[in-house]
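Everything below concerns the one structure shown next.
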Amino acid sequence: TLIIAGFVPLFFDNAVIGVYANNRGGYKAAFLMPFISGLIQVFGSAFIATYTGLAQYGGYLGMFDWATVWPAFTVLINNIQYVGVAVVAIFLIVIPQIQYKKNKKGYFMITEDYEKYKETIENK
């Protein structure tokens, strides 16, 4: 499998990670975290492109979630088939339910009126 790093996925995913890392951990974190993320993107994409056979058709888009979460889902679905599909579907349905339970008041407000959401969070 030949790895060609895509500029757009690597830049946009890792630029955002660099900004957050700089805010939380300083310039050292801003150098280290995007580098680690880039390695995960490249090698995760190479793994899944080889595993699924997509390498022979041109490859795989290397965005961070597609190179970490979706390969795990693909392996799970490939190995336990319908049960794997059910497990992945339940997992993806449960995530927003947990998020809603943690923040019932602001769950929908965060996208509808972000300024009001920020005020609500500050008043807590």
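All values derive from a computational prediction rather than experimental measurement.
- Under a 4.0 Å N-O distance rule, the pair Glu119/Lys116 does not qualify as a salt bridge.
- Heavy-atom neighbours of Met33 CE from other residues, nucleotides or ligands within 6.0 Å: at or below the threshold of 12.
- Remark: side-chain polar atoms of Asn78 are not paired, donor with acceptor, to backbone N or O of Thr74 under 3.5 angstrom.
- Not a single donor-acceptor pair under 3.5 Å links the side chain of Asn23 to the backbone N or O of Val19.
- For the atom pair CZ of Phe35 and CD1 of Ile17, the computed distance is 13.5 Å after rounding to the nearest 0.5 Å.
- In this structure, Gln56 CD and Thr50 OG1 are separated by 10.5 Å, a value rounded to the nearest 0.5 Å.
- Side-chain heavy atoms closer than 4.5 Å link hydrophobic residues (I, L, V, M, F, W, Y) into clusters, and following such links, even through other members, never connects Ile93 to Ile95.
- Taking every heavy atom of both residues into account, Trp66 and Pro71 meet most closely at O-CD, 3.0 Å.
- Between Ala29 and Pro34, the shortest heavy-atom contact is O-CD, 3.7 Å.
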Could you walk me through whether Leu92 and Phe73 satisfy the side chain to side chain contact (heavy atoms under 4.5 Å, CB included) test, starting with their C-alpha distance in whole Å, then the side-chain angles of each, then the deciding distance to 0.1 Å, before giving a yes or no? CA-CA 11 Å; Leu92 293 174; Phe73 288 165; 3.9 Å; yes
Take Asn103 and Tyr117 through the side chain to side chain contact (heavy atoms under 4.5 Å, CB included) test and state the conclusion after the steps. CA-CA 11 Å; Asn103 186 12; Tyr117 172 76; 3.5 Å; yes
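- Note that OG1 of Thr52 is 14.0 Å distant from CH2 of Trp70, once rounded to the nearest 0.5 Å.
- Heavy atoms only, all atoms of each residue included: Gly38 and Leu10 are closest at CA-CD2, 4.0 Å.
- The environment of Tyr107 atom OH is dense: over 12 non-hydrogen atoms of other residues, nucleotides or ligands sit within 6.0 angstrom.
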Would Tyr51 and Ile48 satisfy side chain to side chain contact (heavy atoms under 4.5 Å, CB included), going step by step from the backbone distance to the final call? CA-CA 5 Å; Tyr51 182 79; Ile48 197 64; 4.2 Å; yes
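- Taking the side chain as every heavy atom from C-beta outward, Phe47 and Val75 approach each other to under 4.5 Å.
- When hydrophobic clusters are built by joining Ile, Leu, Val, Met, Phe, Trp and Tyr residues whose side-chain heavy atoms come closer than 4.5 Å, directly or via intermediates, Val16 is not grouped with Val69.
- Atom CD in Gln41 sits 9.0 Å away from atom CG in Asp65 (nearest 0.5 Å).
- In this structure, Asp113 and Phe108 have side chains that are not in contact, with every pair of non-hydrogen atoms separated by 4.5 Å or more.
- Phe91 and Ile80 end up in the same hydrophobic cluster when Ile, Leu, Val, Met, Phe, Trp and Tyr side chains are linked at under 4.5 Å.
- Between the side chain of Asp13 and the main chain of Phe64, a donor-acceptor pair closer than 3.5 Å is present.
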